[in-house]
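A short worksheet on the structure shown next.
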Amino acid sequence: MASVILERNRKKRLEQGHPWVYAGEVASVEGNPEAGGLVDVLNHQGRFLAVGYYNPASQIRVRIVSQGPLAIMDTAFFAERFTNCLQHRERFLPEADAYRLVYGEADFLPGLIVDRFGDILVVQLLTLGMDKRRSEIVEALVQVMAPRGIYERSDVSVRELEGMEQTTGVLYGECPRHVTVSENGLKLVVDIEEGQKTGYFFDQRENRASIAPLMKGWGGRSGITLQQIEAEDGSLQTLPVNKSGKHVTFPYWDGATVLECFSHTGSFTLHACKYGAKKVTCLDVSAHAIESAKVNVELNGFSDRVEFVVDDAFAYLRNQVKGLEERSERATVASGTESTVVTTNAKSGGKATKTDTSKPMTAGGGRTWDVVILDPPAFAKTKSAVAGACRGYKDINLHGMKLVNEGGYLVTASCSYHMQPDLFLETIADAAKDAGKVLRLVEWRAAGKDHPQILGVNEGHYLKFAIFEVRSKK
C-alpha cells in the first residue's frame, strides 16, 4: 500500500486523535496511491501512525479511518462500524426511532452521514473515499439495519471540493418522500427529498426538551391564581380564578407566550406546546418550511395554540422592536411627563421631534413574548465570514431580548463552527449591553447524544445552545 510521510515540524494532531491530514503537513508520498484509496500514514521517521483514504484534489489530503493496519474498506468493515454506531444510539436513545446513526469523524467514518427515520435511512457521501465505496456502504446498512429504503442526499457543496458532483436519489428499496417519526413523544413528518440537509436536525433533540421548565408558571402575571371553589355538589375544588373571581376554563392559562424564529419544521414550537405554552408564534422565511410546520402542528393537535408567520426573522424582530419603542414614546407623551421624544432615525436626522399621539402609529408590531427562541442556520461557514456572522448574531439577539417580557427567557443557538463558544457569548453580552438588559445564563448545552464529540477534534464542537433569563437594568 502507498504511504504518506508527514513533515517533521507539523503539529502532532494526528497522535492526539485528530482524523485529518492537511496538504501542508505532507512531506512526500511513496508509491502511487489511487484517489480515494487507502494509504499508510507515517511520521518523518517512517513510524506507522494510521491508515486513511487519500485525495490529491482535496486540501484535507488524508482522512483517517483506522489507528491500526487496514487493507480494505469492504462490506464487513462497514458492517462492524455500523453495528458499533447502532449500539451507541440504542444505549443512549433506547426509545428513539429516529436519530443520526453515523456522524462522520465522531463515529470513525469521516465523510459519511447516515440519518435514521424509522425504517428509512438517508445517506450523505461527502468525500471521494466514501463515494467510491457506495455499494459496500449500502450492503452493510442493509445487513445491520434491515431498512425498507435508503435515500441519498449528497446535494451538498462540499462534494465539489472533493472533485465530485452533487447527487440525490434512491439507493435501495422503497423511499417515500414523507416519513413520520417521533421525538420526545411528539410526531413529526419529515421530507427526506426536499427538507434541509437530510430532512431534519436531530442535534437539538435534548435541547428542545430542555425548554420544558420555561413553558409554565406565567398565569400569575395575568392575575390568575389557584383558589378553592365550592362545586355544585358542595365539595371544594382547587381551580384557577381570574381577578374578577371567575373560574378560568382555558387549560393553558398558566402557559407562556412563545416566539420561535427560524422554525424550519416547527420542532421548538411543538415542544413548547407539549410542555404547556399558551400561544406560540412560529416564524420562518420559507413558505415550504411553514407548510411543513403546519402539518406537524396539526398532527400533534396543537393548531388552536399556534399562529404561523412567513417573514424574514431579522425584519420581523426589528419591526416588533420599532413598534414597541413607538408605543413607549407615545405613552410617555400621553402621560404628560414629556412633550417631545428624541429619535435617531434617518428621517429625523437624530433631532428631537414632537410625537402626535392623535395620529396612528407609523410602525407595526410592538408585541412581546415570555420566551423568544432563536435557532438560525449557520451564519459563518468560513473563517472569513466570522465578522459578518457576529453582526448577524448580535442583531437577532439584541432585538430578540428586547421582545422578551421582563423576567422572561431568551433561548438562542449557533450552529456555526467558526463562531466559537467564547465569541458567541461575547457577542450576546454586547447585544445585552446595547439593549440595556441583564442576562442570567441558566442553561448551556451542545449537540445531542447521537452527535458525540471526539476530544481534541474542535471541528465537531459546532453547536452552542443557551437559555438566558432577561431582565432590564432599570
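Heads up: numbering here begins at 1 and tracks the sequence. Reckoned from all heavy atoms, side chains included, excluding hydrogens, waters and symmetry mates.
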*Using 30° and 60° as the class limits, which term best fits the ring planes of Y252 and F250: parallel, tilted or perpendicular?*
perpendicular

*Flag yes if more than 12 heavy atoms outside E160 fall under 6.0 Å of its CD atom; otherwise flag no.*
yes

Side-chain donor or acceptor of [X] paired with backbone N/O of [Y] under 3.5 Å:
{"X": "H451", "Y": "A446", "result": "no"}
{"X": "Q124", "Y": "S154", "result": "no"}
{"X": "D284", "Y": "S263", "result": "yes"}
{"X": "T257", "Y": "D370", "result": "yes"}
{"X": "E194", "Y": "D191", "result": "no"}
{"X": "R148", "Y": "E174", "result": "no"}
{"X": "E406", "Y": "S472", "result": "yes"}

Please tell me whether [X] and [Y] have a donor and an acceptor in their side chains that are separated by less than 3.5 angstrom.
{"X": "Q228", "Y": "Q237", "result": "no"}
{"X": "T168", "Y": "D155", "result": "no"}
{"X": "H18", "Y": "R13", "result": "yes"}
{"X": "T269", "Y": "E260", "result": "yes"}
{"X": "Y200", "Y": "E183", "result": "yes"}
{"X": "Y462", "Y": "D203", "result": "yes"}
{"X": "S416", "Y": "Y393", "result": "yes"}
{"X": "T382", "Y": "S384", "result": "yes"}

Say you draw a straight line from [atom1] of [X] to [atom2] of [Y]; how long is it, rounded to the nearest 0.5 Å?
{"X": "R221", "Y": "N405", "atom1": "CZ", "atom2": "CG", "answer": "6.0 Å"}
{"X": "E152", "Y": "L171", "atom1": "CD", "atom2": "CG", "answer": "5.0 Å"}
{"X": "L259", "Y": "T281", "atom1": "CG", "atom2": "OG1", "answer": "5.5 Å"}
{"X": "L121", "Y": "I137", "atom1": "CG", "atom2": "CD1", "answer": "12.5 Å"}
{"X": "H271", "Y": "M215", "atom1": "NE2", "atom2": "CE", "answer": "11.0 Å"}
{"X": "Q196", "Y": "S292", "atom1": "CD", "atom2": "OG", "answer": "9.5 Å"}

Ignoring hydrogens, what is the shortest heavy-atom contact between [X] and [Y]? Give both atom names and the distance.
{"X": "Q204", "Y": "F465", "answer": "OE1-CD1, 3.5 Å"}
{"X": "C282", "Y": "I290", "answer": "O-CD1, 3.6 Å"}
{"X": "A277", "Y": "V258", "answer": "CB-CG2, 4.0 Å"}
{"X": "G400", "Y": "L317", "answer": "CA-CD2, 4.4 Å"}
{"X": "N300", "Y": "K187", "answer": "ND2-O, 2.7 Å"}
{"X": "I229", "Y": "H247", "answer": "CD1-CB, 4.4 Å"}

*asked:* Any salt bridge linking R208 with E206? Criterion: basic side-chain nitrogen under 4.0 Å from a carboxylate oxygen.
replied: no

*asked:* For E162, is there an ion pair with R63 - N to carboxylate O distance below 4.0 angstrom?
replied: yes

_Stepwise side chain to side chain contact (heavy atoms under 4.5 Å, CB included) check, V102 with I113_ = CA-CA 5 Å; V102 180; I113 299 294; over 6 Å; no

*Do F202 and F117 make the cut of ring centroids closer than 6.0 angstrom?*
yes

*List the steps, then state whether side chain to side chain donor-acceptor pair (under 3.5 Å) holds for S157 with Q166.*
CA-CA 7 Å; S157 59; Q166 299 184 29; 5.4 Å; no

*Evaluate the side chain to side chain contact (heavy atoms under 4.5 Å, CB included) criterion for residues L141 and L101: first the C-alpha distance (whole Å), next the side-chain angles of each, then the deciding distance (0.1 Å), finally the verdict.*
CA-CA 10 Å; L141 285 173; L101 174 66; 4.2 Å; yes

*Quick one: do F308 and K294 satisfy side chain to side chain contact (heavy atoms under 4.5 Å, CB included)? Show the steps, please.*
CA-CA 8 Å; F308 299 94; K294 285 182 179 179; 3.5 Å; yes

*Which is it for E325 and K402 under the salt bridge (charged side-chain N to carboxylate O under 4.0 Å, His left out) test, yes or no, and what are the steps along the way?*
CA-CA 10 Å; E325 291 173 346; K402 282 186 175 182; 3.5 Å; yes

_Option from D450, D107, D115 for which salt bridge (charged side-chain N to carboxylate O under 4.0 Å, His left out) with R89 holds_ = D107

*Begin with the C-alpha distance, continue with both residues' side-chain angles, and end with the deciding distance and a verdict on salt bridge (charged side-chain N to carboxylate O under 4.0 Å, His left out) for R116 and E90.*
CA-CA 12 Å; R116 178 190 175 190; E90 288 181 336; over 6 Å; no

